Amino acid sequence: MKKALSGLKHLIMPGGGETDPVLSCKREDASPSYMSINHSDTSGSSHSSESDSRGSAACPSCRGTGRIPRGQEKELVALIPYSDQRLKPRRTKLYVFLAVISCLLICFMVIFFLFPRSISINHAGVNSSYVKYDADHRSVNLLTTNKLNISNKNLFAIEVTQLNIEFLHLSVVVGNFSKANFKKIGPLVSEQVFYTVESTIQDENTFYICTWSQFSVHNILLHVQGTMNCSYLGHWEQLTFEGYEYLDCRNNATVPHLVLSNPP
């Protein structure tokens, strides 16, 4: 009977003591002790005091309840639960959206106010003229006050640093005007400026046209061309202009004259 029971036991538990645990449960000091982070009991406090005595530092991610070996603070990785509120800041999308909109708005405003716009200058004709004859040299001396229309369409002021103008009669330069630091033009302003030019026409035919009373028409044609240099925001630009005008060289009348955009 005993042999039968022994054989049945051998069939039920093959291998004999192979299923026995390798580590004996009696060695309690060799088994690691675990402690709950969120539970404060006496066993945890005793283990904490043992860790302090063995040389350890407070775990920065465990609110002071866990321990890591001293000197390995920069080598270990702290795990944060997915449900931690620090990983889910409130209104993150709203703040990101407002930041993007603010950056775009600032860029648009900077481009809108500082983007260079057109600057135009036009010859507006003669405001007044004075004629004087030189019979010895058969020449005609003209003192004319002319007008320029300058338009600034920028949202910032510009400075006219140099203005050069030439008066030509029959393709010959008879007078010129040049001035540095001429004028400052404010933003979105159109101004009319005046300048005076003294011209001398040394042509015998022109002298006769202006002095002889047999001629019914005493007009001479002048070709005006010039350049204007302007600066703004550390940038400078050169503009050119031209125009044509008739002058009555017989009468010394301070009367505005019309401007022709093209010669006859």
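These numbers come from a predicted model, not from an experiment. Keep in mind that the numbers below use all heavy atoms, side chains included, and drop hydrogens, waters and symmetry copies.
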**OP:** For G243 and H223, work out which heavy atoms get closest and say how close.
**Re:** O-CD2, 3.4 Å
Original post:
Apart from V173 itself, what residues make up its hydrophobic cluster, given side-chain heavy atom links below 4.5 Å?
Top reply: L168
Subject >> Minimum side-chain heavy-atom gap T200-H137 below 4.5 Å >> reply: no
May I have the list of side-chain donor-acceptor pairs in residues 150-162 shorter than 3.5 Å, sequence neighbours left out?
residue, atom, partner, partner atom, Å
S151, OG, S190, OG, 3.0
N152, OD1, N154, N, 3.1
N152, OD1, N154, ND2, 3.0
N152, ND2, F156, O, 3.0
N152, ND2, G186, O, 2.9
N154, OD1, R117, N, 2.4
N154, ND2, R117, O, 3.4
T161, OG1, N229, O, 3.0
Q162, NE2, N164, OD1, 3.1
Q162, NE2, S178, OG, 3.1

Original post:
Looking at side-chain heavy atoms only, is the closest gap between L148 and L163 below 4.5 Å?
Top reply: yes
Original post:
Do R138 and Y208 come within less than 4.5 Å of each other through their side chains, counting heavy atoms only?
Top reply: yes
Subject >> Exceeds 12 heavy-atom contacts within 6.0 angstrom, atom CD of Q238 >> reply: yes
**OP:** Answer yes or no: are there more than 12 heavy-atom neighbours, outside F194 itself, under 6.0 Å from its atom CZ?
**Re:** yes
Original post:
Do the rings of Y195 and H123 sit parallel, tilted or perpendicular, given the 30° and 60° boundaries?
Top reply: tilted
Subject >> Within residues 163-188 or reaching into it, pairs that qualify as salt bridge (charged side-chain N to carboxylate O under 4.0 Å, His left out) - sequence neighbours excluded >> reply: K183-E191
Subject >> Validation row: L142, I220 side chains within 4.5 angstrom (heavy atoms) >> reply: yes
Original post:
Does any non-hydrogen side-chain atom of V224 lie less than 4.5 Å from one of Y244?
Top reply: no
Subject >> Distance, nearest 0.5 Å, that separates CD1 of I201 from CZ of F167 >> reply: 10.5 Å
**OP:** Quick one: closest heavy-atom pair of N219 and I209, and the distance?
**Re:** O-CG2, 4.4 Å
Original post:
Looking at CG of L170 and CG of D203, how far apart are the two atoms once the value is rounded to the nearest 0.5 Å?
Top reply: 6.0 Å
**OP:** Just say parallel, tilted or perpendicular for the rings of H235 and Y232, cut-offs at 30° and 60°.
**Re:** perpendicular
**OP:** Measure across D248 and V131 and return the closest heavy-atom pair with its distance rounded to 0.1 Å.
**Re:** O-CG2, 4.1 Å
Original post:
Do L105 and I111 share a hydrophobic cluster, counting only Ile, Leu, Val, Met, Phe, Trp and Tyr and linking them when any side-chain heavy atoms are less than 4.5 Å apart?
Top reply: no
